[in-house]
There are 2 protein chains.
Amino acid sequence: MNRFVTFTPGVYSYRTMSAEKRGPATVKQVAAMAGVSPTVVSRVLHGKAAGIRVSEQTAIRVREAAKTLGYRRNALAGSLRDRKTMMLGVIHGVDDSRARFSGESRYFAALMDGIVDGAFEHGYSVTLCPKLQGQGIEDAMSDGRFDGLIWYRSTTLPEEKRIIQESTLPLVVIHDPAPAEGGNVAGVQCDNEQGIGIAIDHLLGLGHTKIGFAIESVYLVGEGVLRRDAFLAVAKRKGIPDPENQLVYFNSPSELVPTIKSKGLTAVICWNDATAATVLRTVQQNGLRVPEELSIIGFDSTIFCDTLTPPLTSVAQPLETMGMEAAKALVGLIENPVEKSFNIVLPCGLDIRGSTAKV
Amino acid sequence: MNRFVTFTPGVYSYRTMSAEKRGPATVKQVAAMAGVSPTVVSRVLHGKAAGIRVSEQTAIRVREAAKTLGYRRNALAGSLRDRKTMMLGVIHGVDDSRARFSGESRYFAALMDGIVDGAFEHGYSVTLCPKLQGQGIEDAMSDGRFDGLIWYRSTTLPEEKRIIQESTLPLVVIHDPAPAEGGNVAGVQCDNEQGIGIAIDHLLGLGHTKIGFAIESVYLVGEGVLRRDAFLAVAKRKGIPDPENQLVYFNSPSELVPTIKSKGLTAVICWNDATAATVLRTVQQNGLRVPEELSIIGFDSTIFCDTLTPPLTSVAQPLETMGMEAAKALVGLIENPVEKSFNIVLPCGLDIRGSTAKV
DNA sequence: TTGAAAGCGCTAACAT
DNA sequence: ATGTTAGCGCTTTCAA
């Protein structure tokens, strides 16, 4: 029995198919109206130009029917069949809350601008997934909705490492390096060492030699450790004597001024802007003038650098570029899977504001 | 013939089904392993507690098989069948380019924070759709991927009005009112009249009576018109004489100072922050001191208000709230469609900075 | 309590 | 050049 009851050539009984269909017309309906099979409709409307093999006459009838019926391709059905959704998922849990676009830090906003630009350029949509709503990352990884995932994270839990390694989906991790094991994962990071390097160069150029690196002990994980190690490596390379002794670890701001004075520092690089703001406020409260008596450099160049007095000189991550590269790398992994994971490391800039001066 | 070759009870020959399956296991595979039909698996794993009707024994076997196989529900397949995706689309074309998260204006960033919070709260994901990549809004409306759409727009083309009216999908328009005709559409706007109202009250409180409203002629469309009309209405209501004559339309900044002086204005409300910045710069260049000789108020309270000298007093839209309300309204329309369109109008605040002072 | 069948909309593979 | 079949993974009848 012919399932397409309306196929009798020339007889357009498509109206009988389903008087009250919600939503847009389907290939089946267009086929009925044009008096052809759904296959032909699919070929005319979506087939790659190469192997269409449909008579021009038929094609015209099909296109007309499609137009009349207001046909739109159902992307969901196509995706299910082709296992291709043209959607990238962004997981953006940071600790226990989601990253925010607005607020003190332009971090996530700039990153997303890059991601979206990169994705759109290749025709992919970008979806923000609720991480904490029962939809864990492992669900997002395997519920079929995404061709690939971007994971913006600031901490590395062991549990997460495992998930990343076992991912079956192309994955880009922003901030952390991709795990050495496991394929089809890319990492995108800024070059902490180079970033600390330009900060130190800037200070050396201003005549400083007693340059410290400040970080709350509690932040000695993840990025904090990376930047501290970067400081040690670069300082050593630049010939700064005994950099280990220039480290300013602290638990409470009250420890800052004594430590800075006892080490005789004239400049402090802080592991991020928030810490720099703390240092700035604290030393000022203790009567030290910035930048006259102490130069301070932050890291991240968040938007509130401008709101401090004096405005904070800070190392700037190329956030938008990082987002863009992440999206591009992900599209690459999707379209050309690779065996080995790899990392993309991007150079930082230095936004010189008012918190640094000649010694 | 039994399609489920492995159904012989107790015989777990699921391995024969498909030795090399990419991606996660399916209900079929779990069924084979547990020695039941896919129907039962679906019922155990996803069925609403009410009508499950499966023996506890079987249920346990199914759950174990699911765990062993690492089963994950394929959201795509479910969505296709149920016509429910739990995804909201965000169209954010502004003129010819997409809205940006970072940059001078926190506009879109704050809006998105609200949208995402609102959506996540109800378990919906949020997808940013490329508007200009051949995927017009009409495609997004009917490709089956979204349960509803949020359209963030700053201009109103007639063509777009038509699309909105004819939308078959629940739709929320941010910025413009929902068209009177056509159902299941909501509009979200800030209360321009109330916003202008608090600006005027602030100025009246400072002793000003010669209060103008400035806008480039070219912006006398959409929101610009709404705010001008709001100014006229409020000014009239507050008893400011002849408000029509306090309007400062201009094509070039050079027209500003002569107009302001000829009208004898002591304060100017500008239709948005960018225009306010132009007015500020121009009058200062002409030797007028702000706020001593002229008070200036902007509209939108964008982040660069703080970077001007003096910092700009400005009417603030409740952007995050607007986004949140938009998402909630959309979820409402999805889950409980309404016949008539409606609008949500939210009150503005006034961020008082340094550009206003006693007359 | 459990299973078979059917179909969401699409298209590649295989006829004709 | 065009049509039939089958199946992506899921779940809701309906039947046993």
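Computed from a predicted structure; not experimentally measured.
Using a 4.0 Å cut-off, no side-chain N or O of Thr58(A) falls inside it from OP1 or OP2 of dA1(D). At dG9(C), none of the side-chain N or O atoms of Thr26(A) fall inside 4.0 Å of OP1 or OP2 (strictly under the cut-off).
The nearest heavy atom of DNA chain C to Ala77(B) and to Val40(B) marks one nucleotide each, and the one closer to the 5' end goes with Val40(B). With DNA chain C read from its 5' end, the first of the two nearest nucleotides for Ala75(A) and Glu56(B) is the one closest to Glu56(B).
Under the 4.5 Å side-chain criterion, counting only non-hydrogen atoms from C-beta, Ile115(B) is in contact with Ile150(B). The shortest side-chain heavy-atom distance between Met87(B) and Arg145(B) does not fall under the 4.5 Å cut-off. Contact check for Leu330(A) versus Leu88(A): side-chain heavy atoms found under the 4.5 Å cut-off. Taking 4.5 Å as the limit, some side-chain heavy atom of Val185(B) sits within range of a side-chain heavy atom of Val173(B).
Note: Phe101(A) and Phe101(B) have parallel aromatic rings, judged against thresholds of 30 and 60 degrees for the angle between ring planes. Using bins of under 30°, 30° to 60° and over 60° for the plane-to-plane angle, the ring pair Tyr152(A)/His175(A) lands in the tilted bin.
Distance, Leu76(A) CG to dT11(D) C1': 15 Å, rounded to whole Å. Here the C1' atom of nucleotide dA1(D) and the CD atom of Gln57(A) are 12 Å apart, to the nearest Å. Across the protein-nucleic acid pair, Asp143(B) atom CG and dC10(C) atom P stand 11 Å apart, rounded to whole Å. Note: NE2 (His46(A)) to P (dG9(C)) measures 13 Å, nearest angstrom. A straight line from CG of Leu45(A) to C1' of dT11(C) spans 13 Å, rounded to a whole angstrom. If you take CG of Leu80(A) and P of dT11(D), they are 12 Å apart, rounded to a whole angstrom. Distance CZ (Arg145(B)) to C1' (dC10(C)): 15 Å, rounded to an integer number of Å. Rounding to whole angstrom units, CZ of residue Arg83(B) and P of dT11(D) are separated by 15 Å.
For the pair Ser167(B) (side chain) and Ile163(B) (backbone), a donor-acceptor distance under 3.5 Å is absent.
Distance check, rounded to the nearest 0.5 Å: OG1 of Thr168(B) to CE of Met141(B) gives 5.0 Å.
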With the criterion being N/O to N/O and under 3.5 Å, what pairs connect the protein with nucleotides 12-16 of chain C, and how long is each?
{"from": "dA12(C)", "atom 1": "O4'", "to": "Arg81(A)", "atom 2": "NH2", "distance (Å)": "2.8"}

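Direction change of the helix axis from one end of the helix from dT1(C)-dA16(D) to dT16(C)-dA1(D) to the other is 50°, with five pairs defining each end axis (rounded to 10°).
Using a 4.0 Å cut-off between charged side-chain N and carboxylate O, Arg73(B) and Asp143(A) make no salt bridge. Salt bridge Arg61(B)/Glu56(B): absent, no basic N to carboxylate O contact under 4.0 Å.
Distance from the side chain of Val27(A) is smallest for dT11(C) among the nucleotides dC10(D), dT11(C), dT4(D). Comparing dT2(C), dC10(D), dG3(D) by their nearest atom to the side chain of Arg73(B) picks out dC10(D).
Ser79(A) comes within 4.0 angstrom of no nucleic acid atom, judged by non-hydrogen atoms across all strands.
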